[in-house]
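Worksheet: one structure, shown below.
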There are 2 protein chains.
Amino acid sequence: MTSEVTEGSVGIVEPRKIRIDSPLILDCGRLFMWHDLMVETYGTLNAARSNAVLICHALSGDHHAAGVHSADDRKPGWWDNCIGPGKPIDTDRFFVVSLNNLGGCRGSTGPNSIAPETGRQWGPDFPLLTVRDWVRSQALLADKLGITQWAAIVGGSLGGMQVMQWAVDLPRRVRHAVVIASAPQISAQNIAFNEIARQAILSDPDFHGGRYYDHNAVPARGLRLARMLGHITYLSDAAMRAKFGNDLKAPQPSFNFDVEFEVESYLRYQGESFVDRFDANTYLIMTKALDYFDPARDYDDSLVDAFRQAQARFLVVAFSSDWRFSPARSREIVKALVDAGRDVSYALIESALGHDDFLMPLPDYHRVLRGYLSRVADEVGA
Amino acid sequence: MTSEVTEGSVGIVEPRKIRIDSPLILDCGRLFMWHDLMVETYGTLNAARSNAVLICHALSGDHHAAGVHSADDRKPGWWDNCIGPGKPIDTDRFFVVSLNNLGGCRGSTGPNSIAPETGRQWGPDFPLLTVRDWVRSQALLADKLGITQWAAIVGGSLGGMQVMQWAVDLPRRVRHAVVIASAPQISAQNIAFNEIARQAILSDPDFHGGRYYDHNAVPARGLRLARMLGHITYLSDAAMRAKFGNDLKAPQPSFNFDVEFEVESYLRYQGESFVDRFDANTYLIMTKALDYFDPARDYDDSLVDAFRQAQARFLVVAFSSDWRFSPARSREIVKALVDAGRDVSYALIESALGHDDFLMPLPDYHRVLRGYLSRVADEVGA
C-alpha cells in the first residue's frame, strides 16, 4: 500500500542499522549473541523520555513507515498517511520508532543476511520465530534507545499481535496498547491460507530447501502464488467487485489463459512485484509466527488470564468489511480485556475495502486514532 | 465427498461410454464431429419418456453420482445420499441420467483422451469450453437417449449454472430447473481464487505447457495447491474451526514445516489424493468455464431478459454458511426470475459446513428436494 507524499510528511528519513549486542534467547531455544535491526525514527524524544511510540509492522511490512528516502523518492513509507506532523500519530508530539523485525528481509538480521558462523546466508538455518521473540528483540531495542516505557505501542494485523504480546509479557513497559484489525489467535481458515502459501514456496523447485541464494535462484513461482493468495484475503468480496468488476475485459472470451478479467491482472502484478522486494524464507517465518501466536497458551488457554498480566490501557479497532481478521475477532479481544478488568476502548469502523482498510486514511478511523493518541500525548506531557 | 452405501442405494451400476456422433460447434468456434460421454443411468425411463432427470456435476464431479461399481466397492457415487429408491431424487419414479461432461477426465472426451488427428493426447490443444457448450453436448445426449424434455435438471454449484443455461437456451426441453448453491455469474473473488489455482498449475515446471502426458509427468505441485485452495472455499470459517480447531497438535510449536495443525494435514491429504484422480488440464477447463459463465452476456447484461427465455419452473436452494456462492447470489437469481415473471420457489437451508453442504444429507435440504421432486413426479405421471 502506498500513498502520495502529503502535507505533514516527516520528509526525508534515514534508516539506521542498530546492533543489538545483548544475547537473545528465542522460544525455539536458540540464541542470538547479537542481531541487527533496521530502524527509522520520526520526531524527537523528550527529556523525560516519556513520548516514545513503537510501530509494529504486519506480514510484509518493514521499518520504512513514514517519509521518503530522498528528495525524488516517489514512494513514501507504508503508513505515511498516519504518521507525521499533525497526523494521527503526531511526530510534533511523539518520538516514533519503527523497525524491521528480526527475521525480516529489509536489513535486519534475517534469513538473507550472512550467518557469522558460516559466512554465507542463513537460509533455512535461520530459526523460526514467535511474536514473543519479536517482543523480546524490540525490548532490547528499547533498552538501547533508553526507553523504559512506551507511551504507546501501535500495530495492525500481525502488528497488533505484537502489541498484545508486549502488554502481556512486559506490562510495565507499555502505557497504551493500540491493537488494530487483529485477532487473539488466528483461525483454522487463516492457518489454511498460510499453509497453502508455504506449500507454494516449499514445493517450488527453485526453493532448493531454502538455499536458493546459493543456487542464484529465487522461488518466484511460489512467492508469487503466496502473495496473490494473501491479496484475496486483504480485500472484501464487495471491494473486489467494486474495484475490478467481474465482467470480461473483451465482449467475448478469448479462450486462452491470457488475462481476461481485471482482477487477474491485479493479482499477477501484485505477485510479480512482490518477488522483487521480498524474501521467500522471510515469508515462511512471518506466516509461522502468525500461526504460532497465542498469548493464552501459557495461561491454560485463558486469554482473560493472559490479559490479567497487562497494565496498559487498550484501544482496539476493527473494520466492518475485514474478513481476514473480522470484527468478531476484535470483540473476542475486547471481551477478554473487559473480563480481565482492563481499561479498553473499542471502535468499529464502517469500511468497504476489507483488511487493507487498516492502512487507509479513513476519516472515522483517523479521527479515533487522533483523539485517543492526543490524550496519550497530554498524559505523558508530550 | 463420500458417504457410506446406505439403505436405498441403486446398487451396482455400470458406466457406459456413449458416442455422440452429431457435430458439436463450440463457443470458441471449434468443431467436434463426434465426442464420447461417460454416462450412468439409474431407474427406468417410462413409456411416455416423461420421467427423465438430468444431473449436472460441479467442478470436480463426474458421471458416477450414485451406487457402486462392484460388490466390494466401498465408495459410492458422489451424490448417493440423494439419488436412489425412496431418496429425494427417487429412482423408483425417475429415470436419472448422470454424465461426465465434455472436457472431463473420467472417460468422456477430454484433454487426456486421444485426439484422432494426432493419435496422442489432446493436452493444451483441447479447446476451452463454456457452460453453454456443455448444454449443447448434453442436449445431443438427450437426443440420443430419446428424451425430448427433462422432467427436471438438477445441479449444485457449477452444476446449477448448467441448469440455468439449459433453461435459457433450450426452454422447451426443461420442465423444472433445480439450481442449488449456485450464482448467476461468479464474483471477482471467485475469479481470483480460480486464477491462483490456474497459475499454480500453469507455472508448475512439470506442466510442460499442458503436454505433461508426453513427458510422463504430472503437474502434481500445482494441482495439489489448486485443490487445497478449493477446499478453503468449500468450508465456512466456523466449520473449519469446529472441524479442526486452531490449536497446535502438540503443547508447543515444533519450529519446522511439519504438520502442526489439524487443518494442515487435512489440506495436504486433500491435495495429495486429488492428484491421483484428476487431470490438471481438465481443472483448467473447468475453472475457465466457471469464469466465463454469464447467461446475461447475450441479453445486454440483463439476467432478467435472459430468464425471460425460460419456460421451466425453478427451485433455487442456498445454504446459510456458504461463502463461495452465498445466499445473496441465489437471491440474485430468484429476483431476476421473479422480475422475468417466472415461477420460482426458494429455500434457504440453515447449515454449518459451507459450500460443501449441497452434497450433505441435511434433513431440511432433503425434505425440500423430496417435496419438490415428488410433485414433479406426480405431474409427469412417473
Side-chain angles (χ1 to χ4, degrees), chain A residues 26-30 127-128 130 185-193 195-196 198-200 202-205 221 224-225 228-229 231-232 235-237 240-248 251-257 260-264 266-268 271 284 288 291-292 294 297 301 323 326, chain B residues 26-30 127-130 185-193 195-196 198-200 202-205 221 224-225 228-229 231-232 235-237 240-248 251-253 255-257 260-264 266-268 271 284 288 291-292 294 297 301 323 326:
Chain A
L26 302 176
D27 271 346
C28 68
R30 286 170 63 185
L128 291 186
T130 64
Q185 187 189 17
I186 72 172
S187 70
Q189 190 185 68
N190 295 148
I191 297 170
F193 277 114
E195 168 67 2
I196 296 176
R198 282 193 294 270
Q199 289 301 321
L202 294 167
S203 72
D204 186 328
R221 284 172 291 246
R224 206 155 43 209
L225 290 170
M228 290 168 82
L229 192 49
H231 271 279
I232 291 190
L235 292 176
S236 69
D237 184 17
M240 276 208 167
R241 203 165 175 166
K243 200 167 165 147
F244 308 113
N246 48 354
D247 289 323
L248 289 167
Q252 294 294 330
S254 69
F255 297 105
N256 60 43
F257 299 115
E260 298 196 270
F261 297 90
E262 295 288 350
V263 69
E264 292 174 326
Y266 173 79
L267 287 177
R268 290 190 198 184
L284 295 174
K288 268 298 193 185
D291 289 4
Y292 287 154
D294 183 5
R297 189 178 295 131
D301 289 328
W323 67 277
S326 71
Chain B
L26 302 175
D27 271 345
C28 68
R30 286 170 63 184
L128 292 185
L129 300 168
T130 65
Q185 186 189 17
I186 73 172
S187 69
Q189 191 185 68
N190 295 148
I191 296 170
F193 277 113
E195 168 67 2
I196 296 176
R198 280 192 296 268
Q199 289 301 322
L202 294 166
S203 72
D204 186 328
R221 285 173 292 247
R224 205 154 46 211
L225 290 170
M228 291 168 81
L229 192 50
H231 271 279
I232 291 190
L235 292 175
S236 69
D237 185 19
M240 275 208 167
R241 201 164 177 166
K243 199 167 167 147
F244 307 113
N246 48 355
D247 289 323
L248 289 167
Q252 294 294 330
F255 297 105
N256 60 43
F257 299 115
E260 298 196 89
F261 297 90
E262 295 288 351
V263 69
E264 292 174 327
Y266 172 79
L267 287 177
R268 290 189 197 184
L284 295 174
K288 268 298 192 184
D291 289 5
Y292 287 153
D294 183 5
R297 190 177 297 132
D301 289 329
W323 66 277
S326 70

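Chain identifiers are assigned alphabetically (A, B, ...) following the order of the sequence lines, protein sequences preceding nucleic acid strands; residue numbering begins at 1 within each chain.
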**Study point:** Stepwise side-chain contact (heavy atoms from CB on, under 4.5 Å) check, Glu264(B) with Arg198(A)
**Key:** CA-CA 11 Å; Glu264(B) 292 174 327; Arg198(A) 282 193 294 270; 2.9 Å; yes

Exercise for review: Return yes if a side-chain donor-acceptor contact under 3.5 Å exists between Asp247(B) and Gln185(A), otherwise no.
Suggested key: yes

Point to revise | Proximal component of Ser326(A), with respect to chain B [non-hydrogen, under 4.5 Å] | key: neither

Study note, to complete from the structure: If one checks every heavy atom of Glu260(B) against chain A at 4.5 Å, the contacting part turns out to be side chain

Point to revise | Residue part contacting chain A, namely of Leu248(B), when any heavy atom lies under 4.5 Å | key: side chain

Point to revise | Contact summary for Ile196(B) and Ile232(A), nearest pair of heavy atoms | key: CD1-CD1, 3.5 Å

Revision key, fill the gap. Closest non-hydrogen atoms of Phe261(A) and Asp291(B), given as atom of the first, atom of the second and distance, are CZ-O, 3.4 Å

Check your understanding: If you take all heavy atoms of Gln189(B) and Leu235(A), which pair is closest and at what distance?
Key -> NE2-O, 4.3 Å

Check your understanding: Which atoms form the tightest heavy-atom contact between Gly245(A) and Ala188(B), and what is the distance?
Key -> O-CB, 3.4 Å

Point to revise | Which atoms of Asp294(B) approach chain A - backbone, side chain, both or neither, heavy atom under 4.5 Å | key: side chain

Study note, to complete from the structure: In this structure, CZ of Phe257(A) is separated from CG of Leu284(B) (nearest 0.5 Å) by 4.0 Å

Check your understanding: Of the backbone (N, CA, C, O) and the side chain (C-beta and beyond), which part of Leu267(B) lies under 4.5 Å from a heavy atom of chain A, both, or neither?
Key -> side chain

Exercise for review: Measure the spacing between CE of Met240(B) and CD1 of Ile191(A) and express it to the nearest 0.5 Å.
Suggested key: 10.0 Å

Review point. What are the two closest heavy atoms between Asn246(A) and Ser187(B), and how far apart are they?
Key: ND2-CA, 3.6 Å

Point to revise | Residue Ile186(A) versus chain B: region with a heavy atom under 4.5 Å | key: backbone

Point to revise | Side chain to side chain, Gln199(B) and Met228(A), heavy atoms closer than 4.5 Å | key: yes

**Study point:** Portion of Asn190(B) that has a non-hydrogen atom of chain A nearer than 4.5 angstrom
**Key:** neither

Exercise for review: Could you tell me how the ring of Tyr292(A) sits relative to the ring of Phe255(B): parallel (under 30°), tilted (30 to 60°) or perpendicular (over 60°)?
Suggested key: perpendicular

**Study point:** Part of Arg241(B) within contact of chain A (heavy atom distance under 4.5 Å)
**Key:** both

Check your understanding: Where on Pro127(B) is there a heavy atom nearer than 4.5 Å to chain A: the side chain, the backbone, both, or neither?
Key -> neither

Check your understanding: Would you say the side-chain atoms of Glu195(B) pair up with the backbone N or O of Val263(A), donor to acceptor, closer than 3.5 Å?
Key -> no

